[in-house]
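Notes to accompany the following structure.
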Amino acid sequence: MDVSALRSFVAVCQTGSFREAARERHVSQPGVSRHVQRLEAELGVALLVRQRKRAAPTAAGSRLFAYAVDAIAAHDRIIESLARDDAAVEGELRIAASTAPGEYLLPGLLSQFTEIYPRVRPRVAVTDSASAIAQVAEGHADLGFTGMKETHPSLVWTVVAEDELVLAVPGRHPFAGRASVDVSELKGLPFIEREPGSGTWTGLRRALNRAGIKEPGYTPVMVVNTTHATLAAVNNGFGFSIVSSLAVHEHEFDQVYPARLTGLDTARSLFMVRRGTLDSSAARAFGDWVLARLPRGRETLEQQLPARA
């Protein structure tokens with residue numbers, strides 16, 4: 001039974017909401033849904049009753065909840081105990097990250113990690129995915145966290161989170177409040193694009209190519225280079241854009257409405273990337289610590305994502 005799936009299940013039980021559980025865990029809402037679905041498939045029982053926007057445990061779910069809380073606590077105790085035994089972990093931890101993982105995934109991970117290793121000093125450079133990958137390949141960063149993968153002979157890739165690209169809709173548009181928008185409806189809409197090295201924009205282009213769509217027909221009105229700038233532009237009514245579902249749960253703008261983009265498969269992975277060997281104790285410890293929290297342990301990509309919820 002995956003500890004990560006148990007964490008998602010417990011979060012849903014405690015918050016009563018898949019959306020709030022996703023926000024608390026810094027993962028996408030579809031990722032939380034997939035975790036719960038995997039547990040239900042593994043155990044062969046329904047664990048949650050879903051009613052509109054709320055969720056509550058079934059009788060079986062209540063029994064699993066009690067077990068899951070104890071199992072997660074025991075898991076965390078042994079991980080932290082083993083980590084504290086390694087007094088040699090210290091020094092600078094150099095990380096290059098694209099904007100989605102850099103702004104919405106890493107802060108929580110690094111906060112937990114530095115509680116265990118207080119002598120580690122993280123230094124995070126937030127850029128686009130292509131630049132983050134280049135920094136790792138050239139030895140300027142120990143680890144990278146990106147929204148896309150590139151073929152490179154000296155780099156090792158690991159999936160660290162599941163994500164989905166969603167449409168960001170300005171609040172004054174008639175699409176605001178809709179649960180989904182079909183890709184064909186993008187024609188003629190004003191659009192805020194990301195820079196060419198963006199993992200988000202590369203993910204959109206790849207999804208369009210898989211669907212056999214050369215151009216969605218929108219009208220580019222601006223190019224920005226961060227997720228926050230994208231959301232700010234949408235919030236101010238400049239147009240629509242595509243953003244990570246992680247950003248949707250965390251942004252502070254009140255005139256941005258997310259909608260799933262139908263007609264495309266916009267599920268994607270977020271990756272940790274490193275060179276074959278890590279030179280610093282801080283980088284080795286953080287890499288191992290992140291991997292220990294993955295649902296299936298130390299796995300490189302080369303696997304399909306689970307079906308979208």
Closest approach of Arg194 to Thr230 (non-hydrogen atoms, all atoms of both residues): CD-OG1, 3.3 Å
Heavy-atom pair of closest approach, residues Phe113 and Ala282: CZ-O, 4.1 Å
Nearest atoms (heavy-atom pairs only) where Val243 meets Thr200: CA-CG2, 4.3 Å
Pairwise side-chain contact, Met272 with Leu291, heavy-atom cut-off 4.5 Å (strictly under): yes
Non-hydrogen atoms of Ser98 and Asp128 that approach each other most closely: CB-C, 4.0 Å
Aromatic plane relationship, His228 with Phe253 - under 30° parallel, 30 to 60° tilted, over 60° perpendicular: tilted
Leu93 and Thr114, any side-chain heavy atoms less than 4.5 Å apart: no
Polar side-chain atom of Arg275 near backbone of Val136 as donor-acceptor pair, under 3.5 Å: yes
Smallest separation among heavy atoms of Trp201 and Ile192, with atom names: CH2-O, 3.7 Å
Side-chain donor or acceptor of Arg210 paired with backbone N/O of Asp265 under 3.5 Å: yes
His35 ring center near Phe18 ring center (under 6.0 Å): no
Candidate pair Val273 and His152, rule side-chain contact (heavy atoms from CB on, under 4.5 Å), full reasoning: CA-CA 11 Å; Val273 56; His152 195 289; over 6 Å; no
Distance in Å, Leu208 CG paired with Glu215 CD, rounded so as to fall on 0.5 Å steps: 8.0 Å
Over 12 non-hydrogen atoms of neighbours within 6.0 angstrom of CZ in Phe65: yes
Step-by-step side-chain contact (heavy atoms from CB on, under 4.5 Å) determination, Trp157 to Ile133: CA-CA 10 Å; Trp157 303 81; Ile133 294 166; 3.5 Å; yes
Heavy-atom pair with the smallest gap, counting every atom of Leu106 and Val124: CD1-CG1, 4.2 Å
Selection residues 179-190 - residue pairs positive for side chain to side chain donor-acceptor pair (under 3.5 Å), sequence neighbours left out: Arg178-Glu185, Asp182-Ser184, Asp182-Thr262
Flag side-chain contact, heavy atom, 4.5 Å: Ser129 against Thr202: no
OG on Ser269 to CG on Asp163, rounded to 0.5 Å: 9.0 Å
Distance in Å, Arg206 CZ paired with Arg268 CZ, rounded so as to fall on 0.5 Å steps: 10.5 Å
Residues Glu193, Arg205: salt bridge by 4.0 Å N-O rule: yes
Hydrophobic cluster membership, Leu165 vs Val223, 4.5 Å side-chain cutoff: no
Plane angle bin for Trp289 and Phe286 - parallel if under 30°, tilted between 30 and 60°, otherwise perpendicular: parallel
Partner set under side-chain hydrogen bond (donor to acceptor under 3.5 Å, both in side chains) for Arg25, not counting sequence neighbours: Ser8
Check: Ile116 and Val89 side chains under 4.5 Å, non-hydrogen atoms: no
Nearest-0.5 Å distance, CD of residue Glu24 to OG1 of residue Thr15: 6.5 Å
Within-4.5 Å side-chain heavy-atom neighbours: Leu39 and Leu6: yes
Sole candidate of Arg123, Arg119, Arg121 that passes salt bridge (Lys or Arg N to Asp or Glu O under 4.0 Å) when paired with Glu92: Arg123
Arg172 CZ to Gln255 CD distance, which is reported to the nearest 0.5 Å: 6.5 Å
Path from Val234 to Met222 over hydrophobic side-chain contacts below 4.5 Å: yes
Arg50/Glu40 salt bridge by N-O under 4.0 Å criterion: yes
Rounded distance (nearest 0.5 Å) linking atom CD1 of Ile242 with atom CZ of Phe191: 4.5 Å
Check: Thr58 and Val45 side chains under 4.5 Å, non-hydrogen atoms: no
Residues in side-chain hydrogen bond (donor to acceptor under 3.5 Å, both in side chains) contact with Gln14, at least two apart in sequence or another chain: none
From CA spacing to verdict: side-chain contact (heavy atoms from CB on, under 4.5 Å), Leu48, Cys13: CA-CA 8 Å; Leu48 294 169; Cys13 291; 4.0 Å; yes
Minimum side-chain heavy-atom gap Tyr104-Thr227 below 4.5 Å: yes
Flag side-chain contact, heavy atom, 4.5 Å: Arg94 against Gln135: no
